[in-house]
S.K.: 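Here it is: the structure, laid out below.
Because the structure is a prediction, the values reported are computed rather than measured.
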Amino acid sequence: MEKLYSFAGEPIPWYDSSPVCGFCLALMALVFLFGAAGVKVGWETQEFHRDVWVPGVLMVLAASVMLSLVVRLVQRRASRKGSVL
């Protein structure tokens, strides 16, 4: 199908917009810090040493979501400027 307007780009759904991605990035940063606090407390208390993997997994998952969001935002900004990443 031919484009009707040359100025119209691909529509971005609201849940994939830059403000929502920024909000999710901030939320994942808080989750990462929460996991880091859990790891710190887990290593300080002898009884919790075997359970440190739980906040560690939480940190890894939050970091992977943050990385995905940062890559998405950088690619979006690069495509707006006309450069290829």
Side-chain angles (χ1 to χ4, degrees):
M1 184 171 189
E2 195 174 318
K3 268 189 171 179
L4 297 177
Y5 303 103
S6 62
F7 61 85
E10 287 291 321
I12 299 174
W14 68 269
Y15 55 84
D16 194 28
S17 64
S18 295
V20 174
C21 286
F23 175 74
C24 289
L25 192 61
L27 188 64
M28 287 299 110
L30 290 174
V31 170
F32 184 85
L33 292 174
F34 180 73
V39 168
K40 183 178 183 278
V41 169
W43 281 118
E44 289 175 353
T45 308
Q46 182 67 31
E47 296 85 28
F48 298 148
H49 277 207
R50 71 179 194 281
D51 300 324
V52 170
W53 68 271
V54 175
V57 168
L58 189 65
M59 287 175 60
V60 169
L61 292 174
S64 66
V65 171
M66 288 186 339
L67 180 65
S68 170
L69 288 170
V70 166
V71 167
R72 179 178 295 172
L73 289 172
V74 167
Q75 286 178 344
R76 185 175 298 152
R77 182 164 293 182
S79 70
R80 284 184 186 163
K81 291 185 178 181
S83 64
V84 177
L85 192 76

S.K.: Is there a continuous path of hydrophobic side-chain contacts, each under 4.5 Å between heavy atoms, that joins Val52 to Leu58?
M.R.: no

S.K.: Taking only distance into account, with no hydrogens and no angle test, what donor-acceptor pairs under 3.5 Å do side-chain atoms of residues 17-46 form with protein atoms, sequence neighbours excluded?
M.R.:
{"unit_1": "Ser17", "atom_1": "OG", "unit_2": "Trp14", "atom_2": "O", "d": "2.9"}
{"unit_1": "Ser18", "atom_1": "OG", "unit_2": "Arg76", "atom_2": "NH1", "d": "3.2"}
{"unit_1": "Lys40", "atom_1": "NZ", "unit_2": "Glu44", "atom_2": "OE2", "d": "2.9"}
{"unit_1": "Thr45", "atom_1": "OG1", "unit_2": "Val41", "atom_2": "O", "d": "3.3"}

S.K.: If hydrophobic residues (ILVMFWY) are linked whenever their side-chain heavy atoms come closer than 4.5 Å, directly or via other members, who joins Val57 in its cluster?
M.R.: Trp53, Val54, Leu61

S.K.: Just grab all the salt bridge (charged side-chain N to carboxylate O under 4.0 Å, His left out) pairs involving residues 57-69, residues at least two apart or on different chains.
M.R.: none

